[in-house]
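First up is the structure itself, then whatever we jot down about it.
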Amino acid sequence: MATSIRAAAEDGSAPTTAPRGPADAGPERSAWRSRLYRLDLKASPYAYIAPFFLCFAAFGLFPLIWTGWLSLHRVDLLNPDVMDWRGVDNYTRLWDTDQFWTALRNTFTIGVISTVPQLLMALGLAHLLNYRMHGRGFLRVAILAPYATSIAAATLVFVQLFNPDYGMINWLLSMIGIDRTDWYADTWPSQIAVSTIVTWRWTGYNALIYLAAMQAVPKDLYEAASLDGATRWQQFTKVTIPSIRPTILFTIIVSTIGATQLFGEPMLFGGGVGVSGGSAHQFQTLSLYMYELGWPSRQLGRASAVAWTMLLILLLVGAVQMLIARRNRTKLGG
Amino acid sequence: MAVISTAPLRRRLRPGAGDQDKAGPVTYIVLGIAAVLSLFPLYWTFVAASNTGDRVAQSPPPLIPSTELWTNITTAWGQADMGQALLNSTIVAGCVSLSTVLFSTLAGFAFAKLQFKGRNALLTLVVATMTIPPQLSVIPLYRIITDLQWGNQLQSVILPSLVAAFGVFFMRQFLTEALPLELIEAARVDGAHSLRIIWHVVLPIARPAMAVLGMLVFVQSWNDFFWPFVVLTQQNPTVQVALSAIGGGSGHDINQAVIMTGALVGTLPLLLIFAILGKHIVGGITAGAVKS
């Protein structure tokens, strides 16, 4: 790295030595140069951030607004140019649909039972991974390995493991005397099964994010705490947790967004029934409901209304989380 | 606002806080259980893929590998075009990660080290875009793709993923700490224009962070399911779309071992990368991730 920087300095200086000599650099030429230099200073930052904002405008913002516009119309997937103005009808119709409320409730419950244990376990694992020990590198990679697995592959494996008749989980449970559980047909078991897939894939990733944050906590804080007679547990709750609170908030927000969009796991877990999320929609999420309305049922306007409802819910949840975070901060006097 | 901070150079010189504590037996046991729970589903995928379908659908299920792997691979290949799918996923994930790394480094450098009007507001906007669920854009995007007659073509998967707010933010945090302002000023004094500075000063320093970001984006893009599932068909699938066809059938004659073989084939490339580069990826994440 050092050599390339040195090379850079040499490269950079070479072309400028000639014009800078007083003999051949006329005043016009240097004026032109300094104008170019100022233009480079002023304009180039915008050139470097432009690709991001152009792509975001084209593939993020514009479709987002268009979705909002669509949600006020009746639109058929097969004939999307014909748009009938419906106003807020699509939204009021959602409130009268039981399936929407089921999907909303499922998204919430699956989100809670996947996110809360996932982040708590990640926090604990990160704390343990921070100790000095043999095989630490292997353990870290092993715990991150599920992150490399796709939704599709992971779900297919867990479909097998949760199979009520020959799956390994029921077989293990039967050995400790628990009767056969139908992990597909019953509401809570099916939601727990879907949450297990999410938790399995993301716990290790979150643990590493926490571990990174823990390694940045100043050592003197721990030394001071242990001088004051704090036990390891007290150091964890009084030093580690407050120090990495911004990171915890960050992972909560990211996991909330992920949970709101849950699609692949419940869809593939449903196997043949797919987007309906179980025979009685017992594990259909808002994303699945949106897809069912927009594609199989071809009603793009109503599907857009579901999409915008998701955005509104996220904004609401985000605002609540921010409020709680702010209140905690004032309470702790930080 | 949570901030991602990257201080890898500094941290490598100084052992992290808490590092001095030695692990007790309980730590080993808990982490051992966590490692087994993490790895067992992957191991069992291989077990199921190497057994016969009948054997997999028995209770108790098989726990050790058998000899049917090749037969199952042939069958899986017949149900979905796994070869095409692997090639397509490689192309898509490769293009997406190259472009994301390039644009994120440029934008991250501008946000970290260059002065311009509206910088803070624009950076806040970048962070805010991270919270928008991609599902919200799917319906209009689908129309754009159909209008362009790009249905079932790879560019319809690649184009919407060319940039990522997370990448911009990640590179910005890294360069804020790792790139000394003096280096840029020295190059400026020597008359280097900003593209030259990027090529000779920024890129060499940013390389480790670019590698980690590239890996993360590659994994994410390889595993992406929703949007490819919407725009691609089984004639031109990515791995994840092909897997949904192998697993998505109905009826009782589904061969469970073949489904597991598909899952194995789709995951193996990434697992191999992880087995080889795992330590560097983990090191990269823990060296440059989220802190206050």
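Chain identifiers are assigned alphabetically (A, B, ...) following the order of the sequence lines, protein sequences preceding nucleic acid strands; residue numbering begins at 1 within each chain.
- The aromatic rings of A:Tyr291 and B:Phe226 sit perpendicular to each other, their planes meeting at more than 60°, with 30° as the lower class boundary.
- Per-residue counts of heavy-atom pairs under 4.5 Å with chain B were compared for A:Asn163, A:Leu129, A:Thr260; the largest is that of A:Leu129.
- With a 4.5 Å cut-off on side-chain heavy atoms, A:Tyr147 and B:Leu270 do not count as touching.
- Distance check: B:Ile139 CD1 to A:Met290 CE gives 5.0 Å after rounding to the nearest 0.5 Å.
- B:Tyr142 and A:Trp295 have their aromatic ring centers within a separation under 6.0 angstrom.
- Residues B:Ile144 and A:Trp66 are in side-chain contact: their nearest non-hydrogen atoms beyond the backbone lie under 4.5 Å apart.
- With chain B as the partner, the residue from A:Leu315, A:Leu300, A:Ile151 showing the most heavy-atom pairs under 4.5 Å is A:Leu300.
- Distance CG/B:Leu159 to SG/A:Cys55: 8.0 Å, rounded to 0.5 Å.
- For a residue to count as touching a neighbouring chain, one of its non-hydrogen atoms must lie under 4.5 Å from one of that chain's; by this rule A:Leu144 touches chain B with backbone and side chain alike.
- For A:Leu128, the parts lying under 4.5 angstrom from a heavy atom of chain B are both the backbone and the side chain.
- The shortest side-chain heavy-atom distance between B:Leu37 and A:Trp200 does not fall under the 4.5 Å cut-off.
- Counting heavy-atom pairs closer than 4.5 Å to chain A, the top-ranked of the candidates B:Val26, B:Leu63, B:Leu114, B:Val30 is B:Leu114.
- Here A:Pro80 is the residue among A:Pro80, A:Ala47, A:Ala154 with the most heavy-atom pairs under 4.5 Å with chain B.
- Counting heavy-atom pairs under 4.5 Å between each of A:Tyr46, A:Phe138, A:Trp308 and chain B puts A:Tyr46 at the top.
- At a threshold of 4.5 Å between non-hydrogen side-chain atoms, the residues A:Arg136 and B:Leu31 do not count as touching.
- Residues A:Tyr48 and B:Thr105 have side chains that never bring a donor and an acceptor to within less than 3.5 angstrom of each other.
- Contact annotation for A:His127: neither backbone nor side-chain heavy atoms come within less than 4.5 Å of a heavy atom of chain B.
- Contact check for B:Asn223 versus A:Arg201: side-chain heavy atoms found under the 4.5 Å cut-off.
- Remark: side-chain polar atoms of A:Asp40 are paired, donor with acceptor, to backbone N or O of B:Ser194 under 3.5 angstrom.
- Heavy atoms of A:Leu125 lying under 4.5 Å from chain B belong to its backbone as well as its side chain.
- Using a 4.5 Å heavy-atom threshold, the side chains of B:Tyr28 and A:Met133 count as touching.
- Residues B:Phe225 and A:Glu265 fail the side-chain proximity criterion, which asks for heavy atoms closer than 4.5 Å.
- For A:Phe52 and B:Phe103, the ring centers are positioned 6.0 Å apart or more.
- In this structure, B:Arg188 and A:Leu41 have side chains that are in contact, with non-hydrogen atoms separated by less than 4.5 Å.
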